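Remember, it's a predicted structure, so these values are computed and weren't measured experimentally. What's counted below: heavy atoms across the whole structure, side chains too, no hydrogens, waters or symmetry copies.
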Amino acid sequence: MADPTGFMKSDREQPKRRPVQVRISDWREVYQPFAPEKIQTQASRCMDCGIPFCHNGCPLGNLIPEWNDLVRTDNWRAAIDRLHATNNFPEFTGRLCPAPCEAACVLGINSDAVTIKQVEVEIIDRAWEQGWVAPQIPEWLTGMKVAVVGSGPAGLAAAQQLTRAGHDVTVYESADRIGGLLRYGIPEFKMEKRHLDRRLAQMEAEGTRFVTGVRVGTDLSVEQLRSGFHAVVIATGATVPRDLPVPGRELTGIYSAMEYLVPANRVQLSDTDSSPIDAAGKHVVIIGGGDTGADCLGTAHRQGAASVVQLEIMPRPDDLRPVSTPWPTWPLIYRTSSAHEEGGERLFAVNTERFVGDESGNVRALALHEVDSRFTKIEGTEREIPADLVLLAMGFVSTGGAAKGEFLDSLGVEVDSRGRAVRDAHWKSTAEGVFVAGDAGRGQSLIVWAIAEGRAAAAAVDAFLSGASNLPAPIHPDTVAIAAR
């Protein structure tokens with residue numbers, strides 16, 4: 001417990017963002033430094049709530065009241081130990097997680113929740129600066145080999161846990177760099193890739209091997225995978241984007257979000273001087289109101305778009321928590337990201353009818369109409385908006401196209417009707433010795449779920465190989481069974 005009266009003394013405060021015109025001129029993270037004493041004040045707002053519902057809100061089961069109190073009392077070294085006890089990568093979650101823990105904070109019932117996410121990121125950033133994050137070398141090696149297919153947060157969490165348990169772990173990634181969507185899907189202004197690189201360096205020092213540019217099932221056959229490893233973890237994510245098959249979809253200038261974000265990130269990695277899909281001087285329309293759409297929005301601002309409009313078929317949420325999502329559930333409220341603060345227009349309760357092209361086959365406009373609460377067209381609301389570049393950011397639907405489907409099939413892994421790899425309550429797929437973690441089995445979800453599933457799957461793999469496991473499994477098997485229904 002932190003200061004039992006801290007929440008009565010201090011209001012919620014978060015770090016300020018850099019001025020809009022300054023931050024859209026570069027790609028660095030948007031937040032200004034936050035003084036340590038301010039973080040300690042925020043940590044002191046964690047109250048003696050009796051039952052910390054934030055634990056339930058966090059899939060990782062982070063020990064939030066404990067490290068809040070340690071920060072309050074200036075015991076930062078112990079705070080990072082408690083944070084790392086449940087979370088392999090707090091520098092990722094502290095920047096990218098939408099913080100369901102804060103939605104479940106008891107203080108949030110009638111006041112502003114504790115700034116849990118900000119305390120978390122300040123703990124890990126200080127730990128890196130002080131040199132407290134060191135490789136954890138296993139005390140002994142088991143001689144067992146494990147292949148992890150996919151290097152997103154689920155795959156990395158599983159790999160680090162299994163390496164620390166003494167297994168010989170190799171992570172395979174089809175891209176040219178490790179990190180999955182952490183590397184190429186997340187813009188620099190949300191998380192600079194130096195955070196990812198130094199964590200990967202720690203993992204390599206611990207003994208995890210990374211192999212890039214390899215498509216398992218093609219470059220590395222299923223037979224080689226089976227003969228070379230005692231167990232396999234499938235952590236390929238859900239990478240097939242949801243499409244919008246309306247008239248005009250074939251026009252040039254319409255792309256999925258990842259077709260747009262990946263080359264933009266490559267420019268920041270100095271792979272190329274420019275992106276083949278650039279918003280500079282264009283009227284951009286983003287279809288989808290979630291985090292990926294906001295990433296596209298912020299990227300378009302930095303590329304110099306002439307205008308940006310973001311479309312959402314759902315009605316505009318309320319500013320306050322509605323009765324339909326009571327505490328401690330995730331509230332359906334109106335949210336704005338740093339990218340929304342930077343400009344652009346948001347349209348709610350609208351549906352795309354068709355894309356309009358010019359004589360050269362390029363998209364020039366988008367025809368839309370308003371919809372009611374049942375998504376039925378409201379007659380007389382049809383109109384066109386200019387669109388030189390359209391980005392589809394409506395989420396992801398499955399583990400990956402035909403190639404991945406063939407790979408899973410040849411491996412003996414069954415896939416359900418939603419394109420998810422089938423697994424049981426103990427993370428086992430329908431193939432012996434093959435386990436599934438993260439979005440590949442769960443479907444599109446949050447980074448905290450990916451890390452939690454990677455940790456839990458690692459414990460299951462360790463038990464499969466060794467007969468028992470001391471690795472923590474943050475997710476109860478029943479949760480996996482429920483999610484698979």
Side-chain angles (χ1 to χ4, degrees), residues 27 95-96 98 152-153 174-175 179-191 193 236-246 248-269 271 274-280 282-305 307-314 335-340 342-347 350-352 355 363 366 368 385 387-401 404 419 438-439 443-447 450:
W27 292 80
R95 288 173 168 83
L96 306 177
S174 60
L181 290 184
L182 289 172
R183 173 72 66 185
Y184 289 126
I186 302 298
E188 285 283 300
F189 58 82
K190 283 184 69 174
M191 187 184 79
K193 300 307 175 290
T236 52
T239 56
V240 175
R242 182 174 284 106
D243 204 0
L244 186 61
V246 298
R249 174 64 181 87
E250 74 285 352
L251 293 169
T252 300
I254 304 171
Y255 304 94
S256 70
M258 287 307 143
E259 288 179 301
Y260 174 64
L261 292 174
V262 170
N265 274 313
R266 287 190 176 279
V267 173
Q268 303 312 309
L269 292 167
D271 287 353
S274 62
S275 170
I277 308 172
D278 199 306
K282 296 180 179 178
H283 298 290
V284 180
V285 176
I286 302 166
I287 303 178
D291 287 341
T292 303
D295 293 345
C296 292
L297 178 63
T299 300
H301 290 322
R302 284 157 180 76
Q303 289 180 339
S307 69
V308 189
V309 179
Q310 189 173 12
L311 309 182
E312 172 59 70
I313 195 170
M314 299 293 290
R335 292 180 171 85
T336 57
S337 70
S338 64
H340 295 121
E342 294 162 1
E345 182 181 5
R346 302 172 78 177
L347 299 180
V350 294
N351 187 37
T352 302
F355 300 113
V363 66
L366 183 147
L368 55 78
I385 59 175
D388 306 315
L389 175 62
V390 177
L391 303 173
L392 307 180
M394 302 176 293
F396 303 88
V397 296
S398 68
T399 57
K404 284 186 180 177
D439 292 2
Q444 180 187 348
S445 191
L446 305 178
I447 184 173

Give the minimum heavy-atom separation between [X] and [Y], together with the two atoms involved.
X      : Y      : answer
Asp295 : Phe189 : O-CZ, 3.8 Å
Lys193 : Ile186 : NZ-O, 2.6 Å
Ile254 : Gly248 : CD1-O, 3.5 Å
Tyr184 : Ala175 : CE1-CB, 4.1 Å
Gln303 : Ser275 : NE2-CB, 4.4 Å
His340 : Arg335 : ND1-O, 4.3 Å

Say you draw a straight line from [atom1] of [X] to [atom2] of [Y]; how long is it, rounded to the nearest 0.5 Å?
X      : Y      : atom1 : atom2 : value
Met258 : Leu392 : CE    : CG    : 12.0 Å
Thr352 : Leu311 : OG1   : CG    : 5.5 Å
Arg302 : Leu297 : CZ    : CG    : 9.0 Å
Leu366 : Ile385 : CG    : CD1   : 5.0 Å
Arg183 : Met191 : CZ    : CE    : 8.0 Å
Leu96  : Asp291 : CG    : CG    : 9.0 Å

Query raised in the report: Are any non-hydrogen side-chain atoms of Leu261 and Leu391 less than 4.5 angstrom apart?
Result: no
Query raised in the report: Within a strict 4.5 Å, meaning less than it, do heavy atoms of the Asp439 and Phe396 side chains meet?
Result: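 No, too far: nothing below the 4.5 Å cut-off.
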Donor-acceptor pair, distance only, cut-off 3.5 Å: does the side chain of [X] make one with the backbone of [Y]?
X      : Y      : value
Arg266 : Asp271 : no
Glu312 : Gly289 : yes
Tyr260 : Ala279 : no
Gln310 : Val285 : no

Query raised in the report: Under the criterion side-chain contact (heavy atoms from CB on, under 4.5 Å), which of Leu251, Thr252, Leu389 is the partner of Val363?
Result: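 So the option named by the test is Leu251.
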Query raised in the report: How about Asp388: does its CG atom have over 12 heavy atoms from other parts shown lying under 6.0 Å from it?
Result: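 Counting neighbours around CG of Asp388, more than 12 heavy atoms of other residues, nucleotides or ligands fall under 6.0 Å, so yes.
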